[in-house]
Visitor: 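Handing you a structure now.
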Amino acid sequence: MEKILREILLKAVRSQESEVKSVEIETPREESFGDLSSPAAMALAKPLKKSPMKIAEEIISRMQDSGFGIQDIFEKVDIAGPGFINFTFKKSFLCGELKQLIKQKEAFLREDVGRGKRVQIEFVSANPTGPLHLGHGRGAALGAALANLLYEAGYKVEREYYINDAGRQVKLLGMSVLAKYKQLLGEDYPFPEDGYRGDYIEGIAKDFKEEKETPEPDVITDFAYQKMLDAIKKDLEDFGVSFDSWQSERELYRKGEVVQAIDDLKAKDYIYEKDGALWFKATGFGDDKDRVIVKQDGEYTYFAPDIAYHRKKVDKGFDEIIDIWGADHHGYIPRMQAVIQALGYPKENLKVLLVQMVTLLRGGKPVQMSKRAGEFITLREVIDEIGEDTTKFLFLTRRSDSHLEVDIEVAKTQSAENPVYYVQYAHARICSIFEKARQEAIGYRQGVKDLTDFNGELFNDEEMKIIKKLLLYPMIFKNAALAHEPHRITFYLQELAGMFHPYYHRHKVISDDMEITKARLALCEAIRIVLRHGLKILGVKAPEKM
RNA sequence: GCGCCUGUAGCUCAGUUGGAUAGAGCAACUGCCUUCUAAGCAGUGGGUCAGGGGUUCGAAUCCCUUCAGGCGCGCCA
């Protein structure tokens with residue numbers, strides 16, 4: 001319903017002020033103000049040098065002549081407060097929309113804002129040197145939900161995981177496992193100073209021993225990181241998060257892409273030598289300082305393969321590249337965007353979404369997260385304790401750039417009261433209504449044709465409110481996609497469930513009155529369609545029974 | 001010192017990109033299962049939107065400033 005209003009309003013406004021690009025539409029705080037509302041007249045007051053009230057009147061009168069047949073759409077259009085235009089829709093129009101929703105299902109809910117644009121989302125990308133911890137889980141939940149959201153919004157989405165399998169950290173993992181392995185054989189072998197000390201190191205060392213590989217550093221390093229990567233993949237799989245592409249850092253080296261990328265920048269004169277090192281002129285693109293690519297000792301910095309990696313992303317022809325990083329890497333953004341620009345693209349092509357820190361508590365006490373010290377709360381531990389759906393919901397009921405505090409003990413005790421069940425329960429309840437309807441052989445079961453066959457005049461006020469809420473979903477969905485904010489869907493679903501449960505409690509859907517039953521079944525079906533779609537985006541199951 | 005993020009109910013967080021009288025969940029208390037699922041429903045209480053100044057028709061939202069917390073500022077990854 002927002003879509004049609006937007007068309008009508010935009011046309012009316014443009015006929016008055018042709019340069020207007022868009023109009024704002026919002027849901028009024030106060031129900032009595034109408035179903036949707038626009039502050040457009042107030043926004044235009046200044047440029048047009050007229051009073052908002054006058055502009056609002058003109059907009060309304062232009063709407064009458066717009067040829068949209070607005071008398072069939074709106075019950076009421078009025079001006080209120082400092083110049084809001086408030087719109088109240090006709091019941092018959094809303095019921096028509098409801099029928100469309102039921103008929104078209106998800107197609108009715110989506111809006112194609114992506115128009116086939118290709119977007120790559122890179123997320124998690126944790127070093128394969130230890131199990132995923134809860135912070136990675138947050139990135140995983142966000143990345144997966146964002147990918148679903150953009151996919152539903154008409155983008156072609158690729159999900160990628162970047163594997164840091166070439167650097168010092170992986171070697172350190174290998175050395176740690178090697179030391180453990182030697183110790184298992186009873187040898188007195190020194191553990192690397194900064195080595196990884198988690199229990200999993202010993203597990204890998206034991207596996208290595210059993211599989212009787214030759215204990216050479218390279219062999220053991222590869223063995224260890226492969227094991228670790230497998231474990232990460234398993235964690236992600238159990239979290240219900242999947243990837244389309246796994247980009248290995250080593251492969252970038254092996255295929256010579258690192259050298260190529262640097263040569264590229266050299267050719268464009270963005271590389272220079274100083275103090276025996278090779279530098280990238282990041283300051284030319286707004287970064288604070290220039291950045292070293294090759295160190296004095298001839299080794300590449302971490303930045304070098306990252307340049308190659310992002311060049312590769314750009315070369316793949318994505319219209320938009322999204323990196324999801326932990327907020328502790330925020331200082332890295334200007335330098336990466338400098339690279340994008342040096343390669344000849346606008347820096348907007350790379351969007352970095354920062355996921356803020358997850359502070360972990362156990363019974364009120366902060367848990368120091370350190371992979372090397374081996375103390376941290378793993379994603380797996382949390383999934384095992386409270387379930388993947390609850391864990392995802394935990395992350396997706398927050399904006400990604402807000403700091404998040406998770407007390408693992410509290411999370412466990414509260415998981416039974418988690419809002420995720422509230423939403424899922426609404427879905428399950430509707431399913432059992434339909435199950436009962438099926439058992440009582442109510443005629444809806446022939447399918448869609450029958451479900452849209454209802455008399456909308458039978459809906460009471462409470463039902464109309466729910467219908468309006470349902471018809472708002474496409475707007476919420478669209479805005480969530482544009483803002484890259486899946487959490488908006490989460491909150492909407494809670495609100496919708498919060499309307500359904502009381503309704504369910506007050507009214508029997510299936511009754512002796514066949515006409516009312518048909519109308520209510522239609523309403524339930526529509527709610528179910530929306531709940532399913534929203535939950536699908538969040539990556540949360542929509543169970544039929546609970 | 002510089003930069004980024006955050007500060008909203010006891011706790012955890014939303015707040016439609018500047019809109020109308022500030023919103024949920026949890027926690028607390030009181031009721032409700034012979035019904036399509038009580039993982040539910042009905043009700044009660046709870047606020048200096050960190051403080052101060054500014055911008056304008058209008059600010060939790062934008063700007064300045066102070067305070068508090070977190071995170072960065074390597075030829076580490």
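Per chain, numbering begins at 1; letters A, B, ... match sequence-line order. Side chains included, hydrogens not; waters and symmetry mates left out as well; all remaining heavy atoms used.
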Visitor: Can you tell me how far P in B/C2 sits from the matching atom in B/U66, rounded to whole Å?
Guide: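 These two P atoms come out 9 Å apart once rounded.
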Visitor: Atom CG of A/Asp407 to atom C1' of B/A27: distance rounded to whole Å?
Guide: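 Atom-to-atom, A/Asp407 to B/A27, this comes out as 14 Å.
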Visitor: Taking a pair as Watson-Crick or G-U wobble with both distances under 3.5 Å, which nucleotide is matched to B/A9?
Guide: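 For B/A9, the partner nucleotide comes out as none, under the 3.5 Å rule.
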Visitor: Could you let me know what B/U61 is paired to, Watson-Crick or G-U wobble, both distances under 3.5 Å, or none if it's on its own?
Guide: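 Checking every strand shown, B/U61 finds no partner, since no pair has both distances under 3.5 Å.
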Visitor: So which nucleotide from B/U17, B/C76, B/C36 ends up closest to the side chain of A/Arg168?
Guide: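 Nearest to the side-chain atoms of A/Arg168, counting from C-beta on, is B/C76.
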Visitor: For B/C11 versus B/A27, give the span between their C1' atoms, rounded off to a whole number of Å.
Guide: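 The answer is 7 Å between these two C1' atoms.
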Visitor: Suppose you measure atom P in B/A20 against the same atom in B/C49; what distance do you get, rounded to whole Å?
Guide: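 15 Å, rounded to whole Å.
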Visitor: Short question: side chain of A/Arg528, backbone of A/Cys431 - any donor-acceptor pair under 3.5 Å?
Guide: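 Such a contact is absent between A/Arg528 side chain and A/Cys431 backbone.
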Visitor: Checking contacts here: which listed nucleotide (B/A77, B/U16, B/C71) is nearest the side-chain heavy atoms of A/Asn479?
Guide: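 The answer is B/U16.
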Visitor: Expressed in angstrom and rounded to an integer, what is the separation of A/Lys171 atom NZ from B/A77 atom P?
Guide: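 From A/Lys171 NZ to B/A77 P: 10 Å.
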Visitor: Hey, is the main chain of A/Leu173 close enough, under 3.5 Å, to the side chain of A/Thr129 for a donor-acceptor pair?
Guide: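 No, A/Thr129 side chain to A/Leu173 backbone: no donor-acceptor pair under 3.5 Å.
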Visitor: Which is true for A/Leu404 with a 4.0 Å heavy-atom rule: it touches a base, it touches only sugar-phosphate, or it touches nothing?
Guide: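 Sugar-phosphate, no base atom in range.
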Visitor: Within the structure shown, what part of the strands sits under 4.0 Å from A/Glu405 by heavy-atom distance: base, sugar-phosphate, or nothing?
Guide: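 Sugar-phosphate, no base atom in range.
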Visitor: Please encode protein proximity along nucleotides 1-9 of chain B as a string of B, S and -, counting only heavy-atom distances under 4.0 Å.
Guide: --BBBS---
Visitor: Under a 3.5 Å cut-off for both distances, is B/A27 Watson-Crick or wobble paired, and to whom?
Guide: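 Here B/A27 is not engaged in any pair, so there is no nucleotide opposite it.
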Visitor: Using a heavy-atom cut-off of 4.0 Å across all strands, would you classify A/Thr301 as base, sugar-phosphate, or nothing?
Guide: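 If one applies the 4.0 Å heavy-atom cut-off, A/Thr301 turns out to touch the sugar-phosphate alone, with no base involved.
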Visitor: Identify the nucleotide, in any strand shown, that forms a Watson-Crick or G-U wobble pair with B/C71, with both distances under 3.5 Å; if there is none, say none.
Guide: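 Pairing partner, where one exists within any strand: B/G3.
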Visitor: Could you tell me how far apart A/Leu172 (CG) and B/C76 (P) are, to the nearest whole angstrom?
Guide: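 Going from CG in A/Leu172 over to P in B/C76 covers 15 Å.
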Visitor: Can you identify which nucleotide, out of B/C26, B/C71, B/C75, has its nearest atom closest to the A/Lys295 side chain?
Guide: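 Of B/C26, B/C71, B/C75, B/C75 is nearest to the side chain of A/Lys295.
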Visitor: For A/Lys50, enumerate each residue passing the side-chain hydrogen bond (donor to acceptor under 3.5 Å, both in side chains) test, keeping only those at least two apart in sequence or located in another chain.
Guide: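 For A/Lys50 the side-chain hydrogen bond (donor to acceptor under 3.5 Å, both in side chains) partners, ignoring immediate neighbours, are A/Glu58.
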Visitor: So which one's nearest nucleotide on RNA chain B is more toward 5', A/Met357 or A/Tyr302?
Guide: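 Its nearest nucleotide being more 5', the pick is A/Met357.
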Visitor: For A/Lys545, answer base if it contacts any base atom (sugar-phosphate contacts may also be present), sugar-phosphate if it contacts only those atoms, and nothing otherwise; contact means non-hydrogen atoms under 4.0 Å.
Guide: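 The residue A/Lys545 makes base contact.
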Visitor: Taking 4.0 angstrom as the limit, do A/Asp389 and A/Lys541 come out as a salt bridge?
Guide: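 A salt bridge is present here (some side-chain N lies under 4.0 Å from a carboxylate O).
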Visitor: Mapping A/His487 and A/Gln414 to their closest nucleotides on RNA chain B, which lands nearer the 5' end?
Guide: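 Upstream on the strand: A/His487.
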Visitor: Would you confirm whether A/Thr283, through its side chain, and A/Lys289, through its main-chain N or O, come within 3.5 Å as a donor-acceptor pair?
Guide: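 Between the backbone of A/Lys289 and the side chain of A/Thr283 there is no qualifying donor-acceptor contact (under 3.5 Å).
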Visitor: With a 4.0 Å cut-off on N to O distance, would you call A/Glu57 and A/Lys54 a salt bridge?
Guide: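 Looking at A/Glu57 and A/Lys54, the cut-off is not met.
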Visitor: Could you tell me how far apart A/Ile476 (CD1) and B/G15 (C1') are, to the nearest whole angstrom?
Guide: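 So the two atoms are 12 Å apart, to the nearest Å.
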Visitor: Mind calculating the distance between CZ (A/Arg291) and C1' (B/C73) to the nearest angstrom?
Guide: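 For the pair A/Arg291 CZ and B/C73 C1', the rounded distance is 8 Å.
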Visitor: In plain terms, say whether A/Asp222 and A/Arg250 are close enough for a salt bridge, that is, a side-chain N and a carboxylate O under 4.0 Å apart.
Guide: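 So A/Asp222 pairs with A/Arg250 through a salt bridge.
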Visitor: Tell me, please, which residues at least two apart from A/Phe123 pass ring pair (Phe, Tyr, Trp, His ring centres under 6.0 Å).
Guide: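 Once residues adjacent in sequence are excluded, the partners of A/Phe123 under the ring pair (Phe, Tyr, Trp, His ring centres under 6.0 Å) criterion are A/Phe243.
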Visitor: Does the separation of the ring centres of A/Tyr253 and A/Tyr300 fall below 6.0 angstrom?
Guide: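 Ring centres of A/Tyr300 and A/Tyr253 closer than 6.0 Å.
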Visitor: Take the protein atom CH2 of A/Trp325 and the nucleotide atom P of B/G72, then report the distance between them rounded to whole Å.
Guide: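 Value for this atom pair: 15 Å.
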Visitor: Scan A/Ala426 against the nucleic acid and name what it touches under 4.0 Å (heavy atoms): base, sugar-phosphate only, or nothing.
Guide: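 Nothing, no heavy atom under 4.0 Å.
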Visitor: Determine, stepwise, if the pair A/Tyr162 / A/Tyr309 fulfils ring-ring contact (aromatic ring centres under 6.0 Å, His included).
Guide: CA-CA 9 Å; A/Tyr162 180 54; A/Tyr309 179 39; 4.0 Å; yes
Visitor: Could you name each residue pair satisfying side chain to side chain donor-acceptor pair (under 3.5 Å) that touches residues 331-340 of chain A, not counting sequence neighbours?
Guide: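 Side chain to side chain donor-acceptor pair (under 3.5 Å) check on residues 331-340 of chain A returns A/Asp306-A/Tyr332.
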Visitor: If you measure from CD on A/Gln439 to CD1 on A/Ile510, what distance do you get to the nearest 0.5 Å?
Guide: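 Here the rounded value is 9.0 Å.
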Visitor: Does the protein touch nucleotides 18-25 of chain B at the base, only the backbone, or not at all? Give it as B, S and - per nucleotide, heavy atoms under 4.0 Å.
Guide: -BBBSS--
Visitor: Expressed in whole Å, how much space separates the C1' atoms belonging to B/C63 and B/U55?
Guide: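 These two C1' atoms come out 7 Å apart once rounded.
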Visitor: Output yes when at least one side-chain N/O atom of A/Arg429 is less than 4.0 Å from OP1 or OP2 of B/A39, else no.
Guide: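 For B/A39, neither OP1 nor OP2 has a side-chain N or O of A/Arg429 closer than 4.0 Å.
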Visitor: Nearest-Å distance, CG (A/Leu496) to P (B/U16)?
Guide: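 The answer, rounded to whole Å, is 20 Å.
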Visitor: Taking the P atom of each, how far is B/G3 from B/C64, in whole Å?
Guide: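 The answer is 10 Å between these two P atoms.
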Visitor: Taking the P atom in each of B/G7 and B/G18, what is the distance between them to the nearest angstrom?
Guide: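 Their P atoms lie roughly 16 Å apart.
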Visitor: Mind telling me if B/U8 is syn or anti? Syn here is a glycosidic angle within 90° of 0.
Guide: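 Classified anti.
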Visitor: Expressed as a whole number of Å, how far does the P atom of B/G1 sit from that of B/G54?
Guide: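 Those two atoms are separated by 27 Å.
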Visitor: In whole angstrom, what separates A/Ile293's CD1 from B/G74's P?
Guide: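 That distance rounds to 17 Å.
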Visitor: Given 3.5 Å as the limit, does a donor-acceptor pair link the side chain of A/Asp323 with the main chain of A/Glu122, or not?
Guide: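 Here the side-chain-to-backbone pair does not exist.
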Visitor: Go ahead and name the base partner of B/C49; Watson-Crick or wobble counts if both distances stay under 3.5 Å, otherwise write none.
Guide: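 The base-pairing partner of B/C49, which may sit in any strand shown, does not exist here.
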Visitor: For A/Arg311 and A/Glu257: C-alpha separation, side-chain torsions, deciding distance, then whether salt bridge (charged side-chain N to carboxylate O under 4.0 Å, His left out) applies.
Guide: CA-CA 9 Å; A/Arg311 176 173 170 271; A/Glu257 290 171 284; 5.8 Å; no
Visitor: Between the protein and nucleotides 31-35 of chain B, list the N/O to N/O atom pairs that are separated by less than 3.5 angstrom.
Guide:
none

Visitor: Given the C1' atoms of B/A28 and B/C36, what is the spacing between them in whole Å?
Guide: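 Per the computed distance, 32 Å lies between those C1' atoms.
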Visitor: So that I know where these two stand, are A/Phe459 and A/Phe454 an aromatic pair - ring centroids less than 6.0 Å apart?
Guide: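 Yes, the ring centres sit under 6.0 Å apart.
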Visitor: Which part of the nucleic acid, if any, lies within reach of A/Glu2 when heavy atoms closer than 4.0 Å are counted: base, sugar-phosphate only, or nothing?
Guide: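 Contact class for A/Glu2: none.
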Visitor: What is the glycosidic conformation of B/C33: syn, defined as within 90° of 0, or anti?
Guide: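 Nucleotide B/C33 adopts syn.
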Visitor: Describe the nucleic acid contact of A/Asp297 in one word from base, sugar-phosphate, nothing, applying a heavy-atom distance below 4.0 Å.
Guide: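 The answer is nothing, as A/Asp297 stays clear of every strand by at least 4.0 Å.
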Visitor: Under a 3.5 Å limit for both distances, which nucleotide forms a Watson-Crick or G-U wobble pair with B/G40, could you say?
Guide: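 Across all strands, the one nucleotide that pairs with B/G40 is B/C32.
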Visitor: A/Ser432 near the nucleic acid: base, sugar-phosphate alone, or nothing, with a heavy-atom cut-off under 4.0 Å?
Guide: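 Base contact.
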